[in-house]
Amino acid sequence: MDEAAEEPTLVQMLAVSAVKSRYLSLSPSFQRCSLASWIKENIKKKECCFYVEDGREGICKCGHPKIQHCDEAIKPEDYMGEQWDRHRHVREVPTDAFGDISFGGLGQKTGKYVRVSSDTSCESLYQLMTEHWKLRSPNLLISVTGGAKNFYIKTHLKDKFRRGLIKVAQTTGAWILTGGTHAGVMKHVGMAVRDYTLSSGLMEGQIVVIGVAPWGVIHNRNALIHPEGCFPAYYSLDEQGQGHLSCLDINHTHFLLVDDGTHGHYGVEIELRARLEKLISQQSLGNRESGVTIPVVCVVLDGGPGTLNTIYNAMLNHTPCVVLEGSGRLADVIAQVAALPVSKVTLVLINQLMKRFFVQEYKSFTEVQVIEWTKKIQDIIRMPHLLTVFHIDEDKNYDVDVAILQALLKASRSDEHARRQSWERQLELAVAWNRVDIAESEIFTEESQWTSCDLHPAMFSALVGDKPEFVRLLLENGVCVRKFLEHEDTLCELYAHLPACFFLRKLAKRVQGGKIRRGQEPPPGSTKISLSHVAEEVRHLLGSFTQPLYEPSRYKMTKDDVRLMVPSKGLVDLPCSGEEWSADTVWDPGRDLFLWAVVQNNTELAEIGWEQCRDCIAAALAASKILRKLAQESGEDDSEEAKEMRELASHYEKQAIGVFSECHSWDMQRAQKLLIRVSPSWGRSTCLWLALEADAKSFIAHSGVQALLTQIWCGELSVDNPHWKVLLCMIFFPLIYTGFLTFRRDEDIQRQAERTEQQKLAMDSVFSGSSDTKLKRHYRLVELQAQTLSIFRPHSHELPLFYLKMNTMFFFLSNLSPFYHDFDGPGFRRKAKMYISDVWNILDVLSIILFIAGLVCRLQASGTVFYVGKVILCIDFIIFCLRLMAIFTISRTLGPKIIIVRKMMMDLFFFMFLLSIWVVAYGVAKQGILIHNEDRLNWIIRGAVYEPYLIIFGNVPTNIDNTQYDVGSCSVNGSDPLKPKCPVLNEDNIPAFPEWLTIIMLCVYLLFANILLLNLLIAIFNYTFQEIQDNTDTIWKFQRYELIKEYHSRPALPPPFILLSHLILFIRGVLLRYPPQKHKHFRQELEQTEEEELLSWEAYMKDNYLASTRQDESQSVEHRIQDTAEKVGVMSELLEREQEMVSTTVAKRLAKLEEQVSESTKALRWIVDALKSQGCKSKMQPPLMSKSSDRDDGESSGQETDEESAPHTFARQLQYPGSTVKRFPVPEEKVPWEVNFTPYLPPVYNQQDSSDSDTSVLDKYRNPGGRTGIRGKGSLKSLGPNHILHPILTRWRDAEHKVLEFLAVWEEAEKHWALPGGPVKANEPLAQTLERILGKKLHDKTKSQIEAGEQVCKGYVDDSRNTDNAWIETTIITLHCDKHTTLTADLNRIVESSLSSHQPLQWREVSSTACVCPYQREALHQIAQCHNTHF
């Protein structure tokens, strides 16, 4: 399969996120219909189809009354004369109980339920829970089992259990599986969920608790039945009237109600629950094909015989179990013997513990049951890696959550895999659970040696799963970012797993349409994210002044990319038009990780990535630019995502300021070099330019940045020169050569010039006067305009006009100079866009155009056109005067005021829309009431708009009041063009309009327009002024950078001398064809050595800044309060634990004392009876005084080992392999035949010949290893010993003799590799046996050597197929082959040729994972010891 097809495509990711999005969610009614349809097709229930009374009138043997049976069941025709059988007479039909379940009261009150058949496919149930109930796949499955009836548990243990269970479920994303009823351990789990729900304030709990309960024992279950489902079903908790039935627990979130067709039978759900747990444990963890499956853990509280079976079966399936000591009954029995060796866990001890903890219930136990339980408990103890006992009186102050996670890690650590694989699995689990504390204490220990490559999968999972604490922990324990991102595929995979964010949507548009023409279908696999797509999008966000970050030679910019680029402010450092991008992109893994976190707006991961960046100041400013651009393009300024982006952008601007402040305080020259240094990691941009693009006013306003700007402004002049000296030298320039001014000719500049071999970073002293020359130029032109307006007359403009033409042309050239004088600027189109984007440049162009138009009109002979030219020049004079304000931006006082005026003009523009509504409303109404049929347009506009506008400024009209009305001020018929038309008059020539109405309208209009709206405008202006005034210094410094940059790119000479500068440029560029001169005042290329030195110093300063920041945070009041609260909490917990330990110890001592007193009493009674009998025997036996022992001694004895070898264990497994026959339980002390075992009644089993069960014949053969719990041949071929021969061929894989290999054969029946071997026939020579086992070809090659091979072991082996009367005895012969001999070469050829056969051969490593059969593994272990190699 193609690699691109295996990886998740971007389209698939977006589709999944879109389905999960609330915008595309389906309606609840549609979802219910879909759920009901799916459940009816896939989920069944069971019902009885054969009614047979069980002795009670009207009650069937299934437990249901007669009225709940269908007619076919009451009068069956197919089952007449048969005995009722639950397997035959129960059928499956579509279920009729499913939907939502609602409970009353507080806490978690809603859930989901379904009635399922006991034979339902677990795949369907898992699909129901994940797809239809919308449950996320768990990272852990916690199966809680134990007492089904209410039991007492100590308060401290109960609190720890509830708190720990919720904590582990919440932090790991686990599912909790229980019995689902409101009793026993299920009730405790429900109460834990309820406490969490109430404390967190959530009506919908975040903890998933699934109850698997039998349908036939649920009280009030009829409320749940509806053929179309209940949404919701109202269920009431009735503990008083439930009788022998049980109510559902109201704090569970989901219910699987298992139906086997019967009523009142408990335990029918056990088989389905076990199958469901097994299926979940086979699912991949985190939906990733990493080979790690969902872990399962069993938590035991209290419990009886059924719980013991659950624990036993779970541990046989390699499921770890956590037993809570002190919870009662079975849990306490296991806790008491868990630390003892198996040889000391005897029938007597189990009887005593059962009697002690089960009390009255113990009387109902039979002897065979106790024997079986003893055997199972011994088998449980024999698997210590799967058993964890939680002691409440331990010194460690842990909750149950730590015990649960430690049990899982202990199980994986002791798994039958390589040790390295075990550690990696533990780490995967810890990452999936997001438990950094467990990883620190259990995984990253001194004995575990991790390399960076070992941690890469966990690092990837932590990054994709958004687990910043784990990312930091992995970096601290050896992950190298450079090695982690060494391959390009890793970074591509990270971008492919981006969460749903705005950058992902932008990237999707570029991936789908960036290189596909209209109407063209994308080729398969083209939607895979590549770094070229990321580079294009990042360059669009950073600005086109940067170079692509990733491999620009692999792709070309499309027209869409050019169209997407937004013009930047000011002058941009880009190659000139026609210049190619350089392909020397820099691989910077720290930058890549930081950029990946920034584009998804992940604060914590971005902070970790920024700490890994060397070029940290440029990285912070680039992140600020990217985030502000993303927030701007999101189109939702008030959205939470946009706000978070702006906040994160401000954060990184502060980080850049902090690091630069640290650098500036240590070395000013180095800090300034950081600002203008070209950064290869960020598109060959500079920190100064990134700050400008990111609108980082605070960074530009920093004193260190301003010092650099001052240095650039002054050039080689010292900044300490007084202004009057500079002005004087501008007038008398020969003073420059007299030492009148001070220059910066120090050793630093000289060393810098020698090191970089470039021109000095200075401007000519004439540049200092460019600002003043431009000011004089503007004043001269304004004066010229005034003279032109005042003295120009027709036919008298020859000489002044010539002077005016020349100055206008020079002024025009000086304003167009940025188009060809900016050496570092981009192409012409971009320069034009940047030029027009400045308001002052627009005023320049407009003034020049108006001046030319007015000048042309003034040159015409017509008097009318001559006057029009004068009007145009008057307007042009206004624009020239407004343009003068730009000069004041250099002023620290007036500069911010100009910004305030500009902001207020924008406020006024929008305010006029609101004001125009009132003006037009009042004006049109007034005009309509007063004037009748006015047909002059100019007077209509004056009456409807102009006059109402003047009213705002106090010009109150007189035509609305009869007392002030004057007929002479208006024209009756509107015939006088200079007078308005009179209002409507009556017969007496008196205005007929309603005077009261017009006066009221005027009063209301004045009230709203003059008072309300004008005061609103004043308030808006006040807010704008205050906002700008608070940031006056920052704004001025930011504008100062713009001004210095602008004047630095213009010719220094003022008009008309500017013609000389343009002439020189023309000669150099066109005639002499010299390349453009790029000035280095704002960017500087460094040598590689100097670059590395500067970046190392910057990284050191960053570490200092972060250390000081953390120290300040630790000394803050909030941190101290939090630290104090944590310490108080720990102290209170320690005091409570100490009190509990003291009370527990006292209780134990009192119990011991009572026992000793009782023993003493018995002894004294025996003495008295003996004395009374005068030497005769007493009626009572003398009691044995028990020795005082402490629990700690028992615990320590658990570490002891048996001197004698343990009896066979595999031969006593309760389930005989390959059959349904169960062995009779044989405890360890009853294995030897010499030990009396009266209840021993093993079954007889013969797989091949069932007739061979004669007791007299069987008694002739007795297993030398002892009892096995089953008689007969079993699956073996004969009674007595069954001899098997295993020839083992070994070789060294490497020349260093570190890896030993053996020749293995594939067992098709059992699907695993095994040792070659076969049964030994009676009286068969060894040579024939070897030939039959190895095959003729292989035997011929090894005949001479293997017959003389070394015998490793011979005799009885512990095998699961052994019985009391048949057992396996093996002979293992080994032959080591030298690698350089002809025998090894022949063997290798045989192995290669056997790969295509039905029984292939292969060289396998000698290790603990090589074989499945236990005795074969032991043989390989002995061979490894003989060769002194690792096993």
Side-chain angles (χ1 to χ4, degrees), residues 10 13 17 431 434 436 455-456 458-476 479-486 488-507 529 531 533-535 537-542 549-550 587-631 634 640-656 659 681-683 690 694 1099 1102 1106:
L10 183 63
M13 294 169 52
S17 62
V431 172
N434 197 21
V436 179
L455 300 177
H456 288 175
M459 183 70 171
F460 186 87
S461 300
L463 287 172
V464 173
D466 190 15
K467 299 177 174 65
E469 294 182 357
F470 246 108
V471 174
R472 193 178 295 276
L473 177 66
L474 292 171
L475 290 172
E476 292 174 355
V479 170
C480 176
V481 180
R482 179 171 292 273
K483 292 182 179 180
F484 175 66
L485 296 177
E486 185 175 5
E488 181 180 328
D489 295 340
T490 305
L491 189 58
C492 292
E493 192 72 14
L494 285 175
Y495 277 102
H497 286 82
L498 273 178
C501 59
F502 180 67
F503 180 81
L504 183 62
R505 296 193 291 271
K506 287 175 62 64
L507 198 59
I529 296 179
L531 293 185
H533 300 124
V534 177
E537 191 58 42
V538 171
R539 183 167 180 258
H540 163 63
L541 295 174
L542 275 177
L549 302 185
Y550 304 114
W587 175 57
D588 190 347
R591 173 207 62 191
D592 297 339
L593 181 62
F594 175 60
L595 183 61
W596 176 82
V598 164
V599 295
Q600 61 177 299
N601 196 24
N602 193 313
T603 305
E604 296 180 341
L605 288 180
E607 190 68 21
I608 296 174
W610 182 71
E611 293 177 3
Q612 302 300 315
C613 292
R614 297 184 66 193
D615 197 357
C616 55
I617 298 179
L621 293 173
S624 181
K625 164 63 177 173
I626 291 173
L627 291 167
R628 287 193 171 106
K629 187 69 173 179
L630 285 173
S634 64
E640 289 295 329
E641 187 178 9
K643 290 181 180 178
E644 292 176 358
M645 288 179 184
R646 293 190 182 90
E647 291 177 359
L648 189 58
S650 301
H651 167 73
Y652 279 109
E653 182 180 352
K654 293 179 182 177
Q655 295 288 73
V659 177
S681 298
W682 293 99
L690 285 172
K1102 177 193 66 178
L1106 292 176

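Note that the coordinates shown come from a computational prediction; the quantities given were computed from them, not determined experimentally. The figures here come from the full heavy-atom set of this structure, side chains too, leaving out hydrogens, waters and symmetry mates.
In this structure, the side chain of K1102 engages the main chain of C613 through a donor-acceptor pair within 3.5 Å. At distances below 3.5 Å, at least one donor-acceptor pair connects side-chain atoms of E641 with backbone N or O atoms of F502. Judged by distance alone, with hydrogens and angles left aside, the side-chain atoms of W610 form a donor-acceptor pair with the main-chain N or O of C616 at under 3.5 Å.
Residues L475 and M459 are in side-chain contact: their nearest non-hydrogen atoms beyond the backbone lie under 4.5 Å apart. Inter-residue side-chain proximity for L605 and L593 is flagged as unmet; no heavy-atom pair is nearer than 4.5 Å.
Residues passing the side chain to side chain donor-acceptor pair (under 3.5 Å) test with D588 are S681, sequence neighbours excluded. Partners of Q655 under the side chain to side chain donor-acceptor pair (under 3.5 Å) rule, at least two apart in sequence or in another chain, are E607, Y1105. Remark: R628 pairs with S624, A649, S650, E653, A694 by the side chain to side chain contact (heavy atoms under 4.5 Å, CB included) rule, at least two apart or across chains. Remark: A623 pairs with F594, V598, Y652 by the side chain to side chain contact (heavy atoms under 4.5 Å, CB included) rule, at least two apart or across chains. Partners of D592 under the salt bridge (charged side-chain N to carboxylate O under 4.0 Å, His left out) rule, at least two apart in sequence or in another chain, do not exist in this structure. In this view, A618 and D615, S679, W682, C687, L690 satisfy the side chain to side chain contact (heavy atoms under 4.5 Å, CB included) rule, not counting sequence neighbours. Judged as a ring-ring contact (aromatic ring centres under 6.0 Å, His included), and not counting sequence neighbours, the contacts of F484 are H456. Under the rule for a side chain to side chain donor-acceptor pair (under 3.5 Å), Q600 has no partner lying at least two apart in sequence or in another chain.
Separating the SG atom in C492 from the CG atom in L485 is a distance of 10.5 Å, to the nearest 0.5 Å. Interatomic distance, N601 CG to L627 CG, rounded to the nearest 0.5 Å: 6.0 Å. Within the model, atoms CD of E640 and NZ of K643 stand 5.5 Å from one another, a figure rounded to the nearest 0.5 Å. In this structure, the separation between CG on L491 and CG on L531 is 5.0 Å, given to the nearest 0.5 Å. Atom-to-atom distance recorded for L541:CG and K625:NZ is 8.0 Å, nearest 0.5 angstrom. Rounded to the nearest 0.5 angstrom, I626 CD1 and F503 CZ are separated by 8.0 Å.
Open room surrounds NZ on K483; 12 or fewer heavy atoms of other groups in view lie less than 6.0 Å from it.
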Contacts under 3.5 angstrom, residues 465-472 side chains, donor-acceptor by atom type, not counting sequence neighbours:
from: D466; atom 1: OD1; to: N602; atom 2: ND2; distance (Å): 2.9
from: R472; atom 1: NH1; to: E611; atom 2: OE1; distance (Å): 3.0

Full working for side chain to side chain contact (heavy atoms under 4.5 Å, CB included) between V431 and F460: CA-CA 10 Å; V431 172; F460 186 87; over 6 Å; no
Side chain to side chain contact (heavy atoms under 4.5 Å, CB included) assessment of Q612 paired with R591: CA-CA 8 Å; Q612 302 300 315; R591 173 207 62 191; over 6 Å; no
W587 vs R482, side chain to side chain contact (heavy atoms under 4.5 Å, CB included): CA-CA, chis, key distance, verdict: CA-CA 9 Å; W587 175 57; R482 179 171 292 273; 2.9 Å; yes
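In this structure, G683 and L549 approach most closely via the heavy-atom pair N-CD2, 3.5 Å.
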